[in-house]
Amino acid sequence: MDKPKDIDTYIDSFPSEIQQLLQLVRITVHKAAINAEETISYGMPAFKLNGNLVYFAAFKNHIGFYALPSGNKAFQKELSQYKTGKGSIQFPYSKPLPLDLITKIVKFRIKENQQKADLKKVKK
């Protein structure tokens, strides 16, 4: 697939059942991070607020959710039922999306990014 120009184009490139899941993730992230900017980064949907917040993408058998290593580390217990990597989480299509958990992770990342931004202001 060519690099999509925006999130709508990315989502539209998938079958309808996958589009619905991607839209659910998008809406969930947007509700948790109202002021975040939508963008495409690394060829996938991303949200930015005081830096990179989270990314997500569709794959053959799962939705990939990327909250950077800190997001995964902070929610290790809740993520134990999912396949994870250093900064990635796989939400299989065979299970309902954990929208409450996604919201918690996004809010954690917002707070983390805000703290980093505040520290930069103090150092100036």
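Throughout, numbering of the chain's residues begins at 1 and tracks the sequence.
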Let me see the working for Phe56 and Phe47 under side-chain contact (heavy atoms from CB on, under 4.5 Å), right down to the final yes or no. CA-CA 9 Å; Phe56 64 95; Phe47 283 80; 3.7 Å; yes
In sequence, state the C-alpha distance, the side-chain angles, and the governing distance for Asn50 and Lys116, and then conclude on side-chain contact (heavy atoms from CB on, under 4.5 Å). CA-CA 8 Å; Asn50 293 315; Lys116 287 179 184 176; over 6 Å; no
Check against side-chain contact (heavy atoms from CB on, under 4.5 Å), Gln90 and Thr84: CA-CA 6 Å; Gln90 293 183 10; Thr84 60; over 6 Å; no
Just do the side-chain contact (heavy atoms from CB on, under 4.5 Å) check on Tyr66 and Val54 with the steps written out, would you? CA-CA 5 Å; Tyr66 306 88; Val54 294; over 6 Å; no
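If you take CG on Leu79 and OG on Ser88, they are separated by 10.0 Å, rounding to the nearest 0.5 Å. Separating the CD atom in Glu78 from the CD1 atom in Ile105 is a distance of 8.0 Å, to the nearest 0.5 Å. Rounded to the nearest 0.5 Å, atoms CD1 (Ile63) and CZ (Phe14) are 8.0 Å apart. Separating the CZ atom in Arg109 from the NZ atom in Lys111 is a distance of 13.0 Å, to the nearest 0.5 Å. Here the CD1-CG distance, from Ile102 to Leu24, works out to 8.5 Å after rounding to the nearest 0.5 Å. Annotation: the span from Lys48 atom NZ to Ser41 atom OG amounts to 5.0 Å, rounded to 0.5 Å.
Within the structure, every pair that satisfies the salt bridge (Lys or Arg N to Asp or Glu O under 4.0 Å) test and touches residues 5-16, not counting sequence neighbours, is listed here: Asp8-Arg26.
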Would you be so kind as to tabulate the donor-acceptor pairs closer than 3.5 Å made by side chains of residues 93-100, with sequence neighbours excluded?
{"unit_1": "Tyr93", "atom_1": "OH", "unit_2": "Phe59", "atom_2": "N", "d": "3.4"}
{"unit_1": "Tyr93", "atom_1": "OH", "unit_2": "Phe59", "atom_2": "O", "d": "2.7"}
{"unit_1": "Tyr93", "atom_1": "OH", "unit_2": "His62", "atom_2": "O", "d": "3.1"}

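If you chain together hydrophobic residues whose side chains sit under 4.5 Å apart, Val29 and Leu22 fall into the same group. Both Val106 and Ile7 belong to a single network of hydrophobic side chains, linked directly or stepwise wherever heavy atoms of I, L, V, M, F, W or Y lie under 4.5 Å apart. At a threshold of 4.5 Å between side-chain heavy atoms, the hydrophobic network of Ile, Leu, Val, Met, Phe, Trp and Tyr places Tyr55 and Leu21 in two separate groups. In terms of hydrophobic clustering, with Ile, Leu, Val, Met, Phe, Trp and Tyr side chains grouped at heavy-atom distances under 4.5 Å, Leu101 and Phe65 are assigned to a common cluster.
Classified by interplanar angle (parallel below 30°, tilted 30° to 60°, perpendicular above 60°), the ring pair Tyr82/Phe91 is perpendicular.
Minimum heavy-atom separation, Ala32 to Ile110: O-CD1, 3.2 Å. Annotation for Phe75 and Lys104: closest pair CZ-O, 3.6 Å, computed over non-hydrogen atoms. The shortest heavy-atom contact between Asn72 and Gly85 is ND2-O, 3.1 Å. Residues Tyr10 and Ala58 come closest through the heavy atom pair OH-N, 2.9 Å. Minimum heavy-atom separation, Ala33 to Leu53: CB-CD2, 3.7 Å.
Every side-chain contact (heavy atoms from CB on, under 4.5 Å) that Ala74 has, sequence neighbours left out, goes to Phe108.
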